[in-house]
Every structure is written in C-alpha cells, then in structure tokens.
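For ligands, and for the atoms within them, numbers begin at 1 and follow the listed sequence. Side-chain atoms are counted along with the backbone in the values below, which use heavy atoms only and exclude waters and symmetry mates. Computed from a prediction, not measured in an experiment: that's the story for all the values here.
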Amino acid sequence: MTERIEGPPGQSISHPSLWGIDQFEANWSLFMETLRKEEASLLIPWERIRWQIEHCEVYQEVHSNWETLDPGKRLDSWKRLLVAAEEACRTVLPVCVRCGQCCRMGSPTLHEEDLPLVKEGKIAWEHLIALRKGEPARSPFDEKPFILCEERIKLAEKEGTRECVFLSSEGDRCAIYSDRPLQCRAQGCWDPLPARDTAELPFLLRSHIFEAIEVLLEVIAEHESRCGFQALSQAFEELGRSKGENIEQVLKLLSYEDHFRRFVSEKFGISPQYLDLLLGRSFSRMAALFGFRVLEEPDGSRRLFPEGPGA
Ligand code: SF4
C-alpha cells in the first residue's frame with residue numbers, strides 16, 4: 001500500500017520518497033497554487049514571487065538533486081523546501097530580479113529622456129509605435145481605460161500579446177536591459193510610486209524623433225489632418241447608428257488611409273516597418289478597436305467582418 005502524507009487541503013499525495021521528478025514537479029505546482037491562494041499579494045505579481053521562490057538556494061539544490069537523492073532523505077528535503085518557500089514568499093526582495101513579469105504586462109511609454117536611446121539607435125524605429133491623439137489606451141498602473149489627449153510613443157508589443165518586443169523568447173531577459181527606457185528603470189513591482197512619478201515627466205513625441213527631417217513632419221501633419229483617429233471613430237459610430245448602411249464610407253476611409261501609407265512608403269523610400277511609428281497603426285488594424293476585422297480580397301477591395309472588441 002502506498003504511504004501517504006498530508007497535502008494541500010482536499011488532496012491526497014503519495015510519500016515524497018516515492019516521487020520521481022515529474023511527481024515532484026506536479027506536487028510542487030499544487031503547493032505553489034495553495035501558497036498563491038494563501039499568500040498572494042495584491043501588489044506584487046504572483047509570477048514574480050514564484051520566480052523568487054524557485055531561484056532560492058534550497059529550491060535549486062533540492063530540485064536539481066531530487067532524482068539522485070536518497071529516498072529516505074526526500075521527505076526532509078521536501079519539508080525544508082516548503083519552509084524555505086513560505087519564507088521567500090514573505091520576504092520579496094525590493095529589487096528587480098529580471099523575472100520578466102512586468103514586461104509581459106505591457107510595453108513602456110517613452111519619455112523625452114529616452115530620446116538619446118532612439119537617436120543612438122539603441123532602440124530602432126521599427127520597435128516603436130505611435131499611439132495617436134484620441135486613441136483609447138489603458139493606464140499601466142490600474143488598467144483603467146482612457147482617451148489619449150496627446151500622442152504617445154511606445155515600444156512595440158509582440159503580435160497578439162502585451163509582451164514587450166525586447167523580452168527574450170526564453171521569456172525572462174530584456175535584450176536592452178542596460179539601455180531600457182525610463183519607465184522600465186523606474187518600475188518596481190514591489191513599489192509602484194517611482195513609476196507613477198515618471199508619468200508627470202514630458203513624453204516623447206514624433207516631432208522629437210523626426211525634428212531634423214522636415215518633410216516627415218509635414219507627412220505626419222498631413223496624415224493627422226486627413227486620417228486623424230477621430231475620423232475613424234466617427235465613421236464606425238455612424239456605421240452603428242445607420243445599422244450598417246454606411247459601410248461604404250468606412251471602407252472608403254480604410255482604403256484611403258492604406259493608400260496614404262503606401263504612397264508615403266514609396267515616395268520617400270520609407271520601409272513599411274517604420275510606418276507604425278511615423279503614422280501610427282493602420283486604420284485596418286485599428287478596426288479591431290471597434291469590433292471589426294478587415295479582410296483584403298485579391299483584387300485589393302476590402303470587406304468588413306464583425307468580431308469581438310479588442311485591439
Ligand atoms: S524594455 Fe526591457 S525592461 Fe522594459 S518592458 Fe521591454 S523587456 Fe522589459
């Protein structure tokens with residue numbers, strides 16, 4: 001008969017002396033889940049706490065030696081590990097441990113102070129995106145939605161996620177850590193105040209980045225006047241009011257904005273990968289904000305499909 005010990009409430013687990021590494025990890029996950037429910041901080045992301053627990057000396061030692069550990073000593077090691085985990089959980093270090101959790105919750109907005117990073121090429125144009133005046137955004141501090149009253153420049157995020165483009169594919173390393181923007185340097189998951197203070201500092205604008213390229217400033221101004229976000233917003237509002245009758249007006253606007261982008265790219269030899277910075281996201285992509293998906297047919301015409309809201 002299998003020997004049993006006390007496990008998380010409502011669960012029965014076999015004796016640690018019988019566990020292989022897979023069972024060790026399965027039981028560890030159960031224990032982490034229990035700890036998360038009991039100890040989770042409202043402020044600090046649980047993934048950050050778990051990172052710290054799993055990087056403590058005791059975990060590293062017990063986990064890496066589990067398979068070779070004398071079965072008679074596994075129970076003691078397991079108990080030692082649980083005590084160390086609870087202690088680590090209650091003493092979260094007030095330092096950035098580079099767990100990558102903040103970087104998965106949204107990319108930073110850039111400030112004027114970050115301009116040298118862009119000018120010196122430490123952050124390339126293709127990794128930047130302009131959010132234009134009038135676009136909806138979410139506060140990085142409390143996730144509350146708001147409307148931008150002036151533009152913002154952000155680092156791009158990986159397609160379909162909120163993960164910063166500079167977070168390594170292994171998920172816990174910033175590719176530009178020593179040259180990361182002000183907001184990242186100020187951010188501490190153990191203390192939100194310094195990052196909140198940066199929100200009072202002047203934000204980076206496209207006019208700072210392109211200040212020496214007069215013609216691009218003119219292109220930005222022309223695009224704003226002909227294809228401002230307000231125009232897109234009004235077209236979709238009207239679409240809703242007219243119960244779909246003015247769909248042609250929306251499609252015309254999407255097509256015009258797309259034409260504008262292509263024209264700028266070809267006339268000025270600007271790589272399409274820089275257009276999200278120069279002109280913001282395309283209207284076709286932003287249709288998702290209004291609950292629509294745009295499909296381009298082979299003949300270049302567009303069709304609009306209702307979809308769940310989201311950017
Ligand atoms: S720049 Fe680096 S530190 Fe900042 S969010 Fe991106 S990956 Fe994280």
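Look at R281 and E135 and you find a salt bridge, because one of the NZ, NE, NH1 or NH2 atoms lies within 4.0 Å of a carboxylate O, short of that distance. Between R50 and E54, at least one side-chain nitrogen of the basic residue sits less than 4.0 Å from a carboxylate oxygen of the acidic one, meeting the salt-bridge criterion.
Between Y59 and the options W51, W28, F31, a ring-ring contact (aromatic ring centres under 6.0 Å, His included) holds for only W28.
Listed here is the closest heavy atom pair of K133 and F229: O-CB, 3.7 Å.
Those atoms of ligand 1 that come under 4.0 Å of a heavy atom in P108, given as number and element, are 5 (S). Within ligand 1, the atoms closer than 4.0 Å to a non-hydrogen atom of L167 are 7 (S), numbered from 1 in the order shown.
R98 forms a cation-pi arrangement with Y177, by the criterion of a distance under 6.0 Å to the ring centre and an angle within 45° of the ring axis.
Other residues, nucleotides and ligands contribute more than 12 heavy atoms inside 6.0 Å of the CD atom of E67.
Ranking protein heavy atoms by distance to atom 4 (Fe) of ligand 1, first place goes to C184 SG, 2.3 Å. Among all non-hydrogen protein atoms, the one lying nearest atom 1 (S) of ligand 1 is L155 CD1, 3.6 Å. Looking from atom 2 (Fe) of ligand 1 to the surrounding protein, the closest heavy atom is C174 SG, 2.3 Å. With respect to atom 8 (Fe) of ligand 1, the closest heavy atom belonging to the protein is C103 SG, 2.3 Å.
T198 and Q183 share no side-chain donor-acceptor pair at under 3.5 Å.
The nearest N, O or S atom of C164 is not closer to atom 2 (Fe) of ligand 1 than 2.8 Å.
Residue V165 does not touch ligand 1, judged by heavy-atom distances below 4.0 Å.
Ligand 1 does not have S107 within reach: every non-hydrogen atom of the residue lies 4.0 Å or more from it.
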